[in-house]
Number of protein chains: 6
Amino acid sequence: MRKPKFKPSAEVISGETADIYFVRTIDILKKEGLNPKATMEVFGSRAGILCGMEEVKALLDEVLPKDKREVWALSEGETISTKEVALRITAPYQSYGVYETSIIGILAHGSGWATAARECVEAAGGVPLISFGARHVHPSVAGVMDYAAVVGGCTGCSSVNGARLAGVEPSGTMPHALILVVGDTVKATMLFDKHMSPEVPRVSLVDTFKDEAEESLRVAEALGKKVKSVRLDTPSERGRVTAELVKEVRARLDLAGFKYVGIFVSGGIDPERIRYFKERGAPVDGYGVGSYISGARPIDFTADLHEIEGRPIAKRGRIPGITPNPRLKRIL
Amino acid sequence: MRKPKFKPSAEVISGETADIYFVRTIDILKKEGLNPKATMEVFGSRAGILCGMEEVKALLDEVLPKDKREVWALSEGETISTKEVALRITAPYQSYGVYETSIIGILAHGSGWATAARECVEAAGGVPLISFGARHVHPSVAGVMDYAAVVGGCTGCSSVNGARLAGVEPSGTMPHALILVVGDTVKATMLFDKHMSPEVPRVSLVDTFKDEAEESLRVAEALGKKVKSVRLDTPSERGRVTAELVKEVRARLDLAGFKYVGIFVSGGIDPERIRYFKERGAPVDGYGVGSYISGARPIDFTADLHEIEGRPIAKRGRIPGITPNPRLKRIL
Amino acid sequence: MRKPKFKPSAEVISGETADIYFVRTIDILKKEGLNPKATMEVFGSRAGILCGMEEVKALLDEVLPKDKREVWALSEGETISTKEVALRITAPYQSYGVYETSIIGILAHGSGWATAARECVEAAGGVPLISFGARHVHPSVAGVMDYAAVVGGCTGCSSVNGARLAGVEPSGTMPHALILVVGDTVKATMLFDKHMSPEVPRVSLVDTFKDEAEESLRVAEALGKKVKSVRLDTPSERGRVTAELVKEVRARLDLAGFKYVGIFVSGGIDPERIRYFKERGAPVDGYGVGSYISGARPIDFTADLHEIEGRPIAKRGRIPGITPNPRLKRIL
Amino acid sequence: MRKPKFKPSAEVISGETADIYFVRTIDILKKEGLNPKATMEVFGSRAGILCGMEEVKALLDEVLPKDKREVWALSEGETISTKEVALRITAPYQSYGVYETSIIGILAHGSGWATAARECVEAAGGVPLISFGARHVHPSVAGVMDYAAVVGGCTGCSSVNGARLAGVEPSGTMPHALILVVGDTVKATMLFDKHMSPEVPRVSLVDTFKDEAEESLRVAEALGKKVKSVRLDTPSERGRVTAELVKEVRARLDLAGFKYVGIFVSGGIDPERIRYFKERGAPVDGYGVGSYISGARPIDFTADLHEIEGRPIAKRGRIPGITPNPRLKRIL
Amino acid sequence: MRKPKFKPSAEVISGETADIYFVRTIDILKKEGLNPKATMEVFGSRAGILCGMEEVKALLDEVLPKDKREVWALSEGETISTKEVALRITAPYQSYGVYETSIIGILAHGSGWATAARECVEAAGGVPLISFGARHVHPSVAGVMDYAAVVGGCTGCSSVNGARLAGVEPSGTMPHALILVVGDTVKATMLFDKHMSPEVPRVSLVDTFKDEAEESLRVAEALGKKVKSVRLDTPSERGRVTAELVKEVRARLDLAGFKYVGIFVSGGIDPERIRYFKERGAPVDGYGVGSYISGARPIDFTADLHEIEGRPIAKRGRIPGITPNPRLKRIL
Amino acid sequence: MRKPKFKPSAEVISGETADIYFVRTIDILKKEGLNPKATMEVFGSRAGILCGMEEVKALLDEVLPKDKREVWALSEGETISTKEVALRITAPYQSYGVYETSIIGILAHGSGWATAARECVEAAGGVPLISFGARHVHPSVAGVMDYAAVVGGCTGCSSVNGARLAGVEPSGTMPHALILVVGDTVKATMLFDKHMSPEVPRVSLVDTFKDEAEESLRVAEALGKKVKSVRLDTPSERGRVTAELVKEVRARLDLAGFKYVGIFVSGGIDPERIRYFKERGAPVDGYGVGSYISGARPIDFTADLHEIEGRPIAKRGRIPGITPNPRLKRIL
């Protein structure tokens, strides 16, 4: 993936997305003329994959005074351990205090998604994964969610803006809606083939009207070498996609000479389900993962002041002074 | 709360936030000249509080042809049961097919947050709750998250734009950062009192430097009748806020004549913790709830076509034709 | 059901099926001239439905001396409670001692099957059940197993001799083998209809080649009013028969005007699965139950001597003398 | 054990023990003149010890046309793994279709018993086991059950016909009934010794009237070197046979000079109980196992057609064509 | 039971049994001339039966100055709830500070034992219980343990000094040792009868050499009407005393005309075991309870100062001032 | 620790602490003139640390006839395994029969305490432990309990007489009561320092009035080098002592230059809690352990006669004759 371009929104810069008490705090400090050099450290509540740091860096670069700032951080996509300091900001407090809410929110949501993606990737052991969860989050974060999924190891994602952020081509097959509107799976696949540019892979969704194995053969017979894969998305009402179904479709395709047609599986995929397919030897060629990634719990991050004008300080429950972490690199 | 004003973003309208396969489907259908009147039904995967429908309505109102549309739905804030149809759209398929991703994403995230908020509200049995979770989500959804929390029953929220959406005043006390910068809790509280306009309640955070009970008495003695409440936010490193701590602070405040000072509790609050305080008779006057609401799992929604040009149809696993639901009201 | 006719086999009468030590015991007692009037009581190790007593009675009637016998028992099909005396024999010990093995074996196996059948019947709450488990037991007991299933409440069974014993018509639809040999479900159903006498119900097995809903419609369209039901037997590799599948097939049949076609369900049926269908409102018209009944654990029965020539006696661990049970009736 | 002689019963040959739908299927196929060469494969639902194949072979040898048959199978007593093909029949379908019920029933029941026996044998680690469960099954299968127990590894069994099938001497000690009729354990043992031929081992049951240790000494003192073992069968009402009881009886026998008297244990014996005795070092010389073997759940077997006239075929959920299994050997 | 007489030991009075820091505290306060009137409250960590208060009262009566003391308390044998104040002392601190260790130790141990006894008593529902646990505690507390058991509801106890404290006759049957030394249960019981004064009940222990049922009959036949009961104490090596054993012994005694002979049960008795006998209808006439009572966990008590010279005070975590408890009565 | 001096109390010698049935047994045997040489073996019901043997030896030395005794035993503090013989007495039965209750009671209670202490010691891995549980047992056993704790591995104990028995100096810091009476922690610590002799370590209890970290610094600043440690005893109402609190207090002391001040932790300490501190790297310098040791369940001991005048004998359930145990040493 290419380096993403993040630009802080006007709403974030203006403090609209902040907790009101930070707005008030900066107001008070300004009125009192208090603007000490303060060091804030940020850590996550559990281990995972760090994501959001590029966006945080873009924000800090814009708001911190260039000559009075020092920012150390871990990199996008690195693993973090529980309570490990991932970001340390030293700058006049008034310049960044109001952004605490947004900074740790970006890291929380992004790292939660990337960590869930990584769990799936590790379970899949080399079989590619596509993030399919845009439909389960608010569209305002569909893009950053898909970006985080790719940071966590997915090879692609379905949302247009997520793919752009992540620097990949958007991935997708066809929805049930197309087949229902057209009225037949084979016909819908042929229309797809007719109108889509050649570099878009032909992946046919085969569970809409008929038995998946029967439909797979019909599609393969109709389109021949053009078919890249079939997608199995059997709903839970019909028993979900099972390892045996994958094996049977594989066997029937092979028996009919369609060994080149891949099998792509979606519907309720999570690490446990991926392991289930793997342990039973189901020949899956790709997975679409939805709400396991998109609905992942954010990793809560905490920001603490540890030095004021060089003096170690901390609230009760925390250790005063800089927390050593040799993994940090200076980013600003 | 006032009726919120939602305006679909350019990114949503343009299809940027959609799954690529919907973009392609509309492309194919246009090239084929297929644009049947289609009925799509939307339902959630589990019971909860519906939230996001106002935003969905604003989107549909903008994209559906005014003379060929019929939209039925449940209302913002209503309870929904598992798999109950909450939205039914009948319109030419090309006019809305590409928005399936955004529509169900808005409902999924919003209903997840509102449902979690409602669980807290029900546990609290009348004690007011403030949504404090903006710091645990990406700033692009901080506002809609806080809005959903208020839909679910919170009396306030901490983010500036969330409060505006929900039509309430933003709520907040003071952060540990203010006290650490100022160097003393009493002094910080006095500066707050000095600079904030009178209608902002004086709520002092009392666990930064000293024992909570001791600090509560110091603040009450210094500010007298001006103090509305103290906030207890003891970190887990110091054993969290316990029911006994609340009772003890109450007793020591009362013994010293400060019966009018309320006690506001935050830090790891969830329905179980709220019930814990309630069952032990801890005299809590308000709760700040963070990641239990903001990190709530979205309620996945599903959209299915059930009629094409008046003909019942459905993919395997679903029942063809309109699903009766007398609770639906026509909204467009 | 009619009263069954049981005739003890030569193997049982000759002592071939007995434990060797009973054969030896009778040998010793004969050599010693010991043949006291002895009272033996028989009880089961757990509660259930008594089955096998008719067969035991037929055996005792043949072997006990007509003028020196007194046999009290509970009736075929009655409930028994844990350790309740179900049979009491008083007769010269030499006349029946060698049959202890066979007597309690008949009761053990029969009561185990009947009890399992009753559990299914109670779960089904009025929906008829057919015993389909002959294939899971040795053919020497296929008949008595099916007989016991009917004693327990099944309305029919699949084995020819089981049905004869139970006094019912044998039940069955068609096997997958017929459809595979013929090559098409519709064609196989039409051949069935062509050759079977009119009183045999036309029940078509619809999961062999195509989607169950699609095949159900094909069969209904081809045979019309002649079709009594379709049988769903979806294998676990395809997710088993689910409640939603039953509902969908029902809906699609109804939508096409085939409201009179029933739905019969088989495959892994047990009380838990029956309750699952019932709780989810699946419109099942009949169940085929296999190994839950046929593989039921026998209810172990124990036989103890309690009186010798009128004297109370018992081995350690048992109470000497007759155990009162007013439910017993004299049968010989 | 010698090779057993099985002869299919008239009831099996006539189709009396079959599911009615196979009877009807053959009827239809005959009327239609359909009799393709068909290949049926049979596999078990879980791993275990295969038993029943000798009986199946005897049946197939009688019914399949000698010049048009090919039967491959695993051998009696071999281990089978889950879903492993254990039997493959290729022959004109009309010649064997009706026997599917009996074939898989024989294998199901036999393999269930043999597998349970093997579990006990493995737990016992060399200590001999006798099958004592004839009393817990219908007498029609007492013989095949005991035969299967010996196939599974028992060194003997108690039923007369089971022993004959398995080619061993029937085993047994004496029942409580003999002692109760005679009135004293020592006296009963002496009568046993007086009348039984010398090759029958003298094993005295010592828990009927007195403390087991006391009675063991009385018997040993009365019969001296003639006693082979004592059998402990303490009922659950008296706390079952415990490891400590075995050790104590051993110690008291040894102390009195009867080191040559063995200890045989029965009553609720299963693999867990056998391991319990072993782990506690109880010097058991033999076990009698009852319902753990005789009440074992059958291993359900499934029969599927995989080729018709050489063409791969299969119902949905199964893989068409021959399933490779190099372990199979041709038996007919 | 009569009111017990407790006299504080010299070791307690001298401070030998105190925690050293109380000794030092009194030393410091004396040197500083600090001796304020202080109010100490004592509460238990869990609910139960209060025991030890009589002994505490005797101690306080001896050490507190008669004119400057006020002691309020709950009474011996009353129920206490969790953290309920059970004792409140107001007196010059130097007069009692050093006894904190002993006061709460007496209450902790005594209440632990009495509470366990009460649990047994409640399970037994009227069947008398004897405390048999002296053998499981240090002899220095055997007496107070047995006293506490009687406070908790036992009708007797086995230790000589426990019985004296509790004001009852010591209870006991005979040990296995007597029978082993004498060599026969009947003979031992006859010697017991010969030498013991008539008011000592004749209770014969019947599991030493022979089967319990057999021995019970032998004893009853030898001593006739003199036998009050038999005691069953079957060791775990022989399966413990079971409900069925009790019923069988009862039945065999009754059958032989010894209906007047009671059955007393001991060995591993606890509330669960008592309920087991009760639920199975075992006719037990008395229980001996050992380590369930004697090994009961003490109920930890805590002592806190709540007023100094009339001023409310408390350490962190506690509420300053007198804790209201209307159940307290003034005892000194 | 020095060898302790135990002297049997008059109450034990007189039989006052015995079960009445031993008193009666000796009475009967004397009247009958039965006084055989008897061998009694004593074993514990579970594995642990043996404690009490020194006290038992002192008792036996006083009561057994010097010329007719042979006593073998394991040593104080040795590990014992389940049911291992720990003591074997051979002597005229009348000389020791009445002491069975006291002998096994001493071993039971002592070994229970020592075993619990050992578990804590093993968890602590070198960090010293002080027994603080005198307050949770009756004062009559406070001394022997603390002695047993030292036998189990504690380096000290808080009771005056326990320390004397164990041959160590009594340990303790200061109670909350001293601080409450004096009114300030620093002032109380200074008075302690003023009046206590120099060899008593200055350990200040720092959780009474203020935050523990703040109070630790105040004490360290006031007393400087004289302070040996601070004790953290935070009550559960305030979240107990956590690993993070220990680390924070350490960090704040170090930052202020008080690296020499140790941290001693008490309050609900048990092996699990010790491991919790250890696993989280909390720098604890010593633990005070209370009711985990003092409230430990006694290890029940059993005494059995195994020989009478050299003849092997045993009650049912036990093995007659001497049980070999090469670990035993002759002690009398």
Side-chain angles (χ1 to χ4, degrees), chain A residues 11-12 16-22 24-25 28-29 31-32 34 36 93 97 101-102 104-106 108-109 134-142 144 158-161 170 172-178 180-181 191-192 195-196 207-208 235 237-238 291 295 297-298 300 305 308 313 315-317, chain B residues 11-12 16-22 24-25 28 31-32 34 36 93 97 101-102 104-106 108-109 134-142 144 158-161 170 172-178 180-181 191-192 195-196 207-209 235 237-238 291 295 297-298 300 305 308 313 315-317:
Chain A
E11 220 185 1
V12 167
E16 289 283 290
T17 62
D19 288 308
I20 183 71
Y21 60 27
F22 287 115
R24 289 177 180 154
T25 290
I28 293 167
L29 294 179
K31 283 174 175 158
E32 287 290 318
L34 283 170
Y93 185 71
T101 311
S102 294
I104 65 178
I106 291 167
H109 234 155
R135 55 183 42 233
H136 299 309
V137 293
H138 194 278
S140 300
V141 289
V144 288
S158 63
S159 73
V160 178
N161 58 355
T173 59
M174 62 184 61
H176 290 106
L178 174 63
L180 287 161
V181 168
L191 289 183
F192 188 94
H195 295 297
M196 290 295 105
D207 57 31
T208 308
E237 289 89 345
R238 288 298 182 91
S291 63
R297 206 169 176 83
D300 295 349
L305 291 184
I308 303 279
I313 195 168
K315 68 171 198 172
R316 278 166 76 229
Chain B
E11 220 184 2
V12 167
E16 288 283 290
T17 62
D19 288 307
I20 184 71
Y21 61 27
F22 287 115
R24 289 176 180 154
T25 290
I28 293 166
K31 283 172 176 157
E32 288 290 318
L34 284 170
Y93 184 72
T101 311
S102 293
I104 64 179
I106 290 167
H109 234 156
R135 55 183 42 230
H136 300 309
V137 293
H138 194 278
S140 300
V141 289
V144 287
S158 63
S159 73
V160 177
N161 58 354
T173 58
M174 61 184 63
H176 291 105
L178 174 64
L180 287 162
V181 168
L191 290 182
F192 188 95
H195 294 298
M196 291 295 103
D207 57 31
T208 309
F209 286 123
E237 290 89 343
R238 290 298 183 90
S291 63
R297 207 167 176 85
D300 295 348
L305 291 183
I308 303 279
I313 194 169
K315 69 170 199 174
R316 278 166 75 229

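Every value quoted in this text rests on a predicted model; they were computed, and no experiment measured them. Every chain is numbered from 1 and lettered A, B, ... according to where its sequence line falls, protein lines coming before strand lines.
Residue contact with chain B, scored on non-hydrogen atoms closer than 4.5 Å, involves the side chain of A/Ile308 exclusively. In this structure, chain B has heavy atoms under 4.5 Å from both the backbone and the side chain of A/Leu180. Proximity to chain A involves both the backbone and the side chain of B/Val181, based on heavy atoms less than 4.5 angstrom apart. Contact of A/Pro175 with chain B is made through backbone and side chain together, with heavy-atom distances under 4.5 Å. With a threshold of 4.5 angstrom between heavy atoms, A/Arg316 approaches chain B through its backbone and through its side chain. Only the backbone of B/Met174 has a heavy atom closer than 4.5 Å to any heavy atom of chain A. Contacts between B/Ile28 and chain A at a heavy-atom distance below 4.5 Å involve backbone atoms as well as side-chain atoms. The contact between B/Phe209 and chain A is made by backbone and side chain atoms together, counting heavy-atom distances below 4.5 Å. The parts of B/His136 that come within reach of chain A are both its backbone and its side chain, each placing non-hydrogen atoms under 4.5 angstrom from that chain. Residue contact with chain A, scored on non-hydrogen atoms closer than 4.5 Å, involves the backbone and the side chain of B/Val137 alike. With a threshold of 4.5 angstrom between heavy atoms, B/Glu16 approaches chain A through its backbone and through its side chain. Of the two parts of A/Ala18, only the backbone, made up of N, CA, C and O, holds a non-hydrogen atom closer than 4.5 Å to a non-hydrogen atom of chain B. The parts of B/Ala177 that come within reach of chain A are both its backbone and its side chain, each placing non-hydrogen atoms under 4.5 angstrom from that chain.
Interface remark: of the candidates A/Ile104, A/Asp300, A/Thr25, A/Ile106, A/Asp300 forms the most heavy-atom pairs closer than 4.5 Å to chain B. No other option in B/Val144, B/Asn161, B/Asp207, B/Leu178 has as many heavy-atom pairs under 4.5 Å with chain A as B/Asn161. Interface summary for chain A: among B/Arg135, B/Glu237, B/Lys315, B/His109, the most heavy-atom pairs under 4.5 angstrom belong to B/Arg135. Listed options A/Lys31, A/His138, A/Glu11 were ranked by heavy-atom pairs under 4.5 angstrom with chain B; first place goes to A/His138.
Inter-residue side-chain proximity for B/Pro139 and A/Thr101 is flagged as unmet; no heavy-atom pair is nearer than 4.5 Å. Taking the side chain as every heavy atom from C-beta outward, A/Arg297 and B/Ser291 approach each other to under 4.5 Å.
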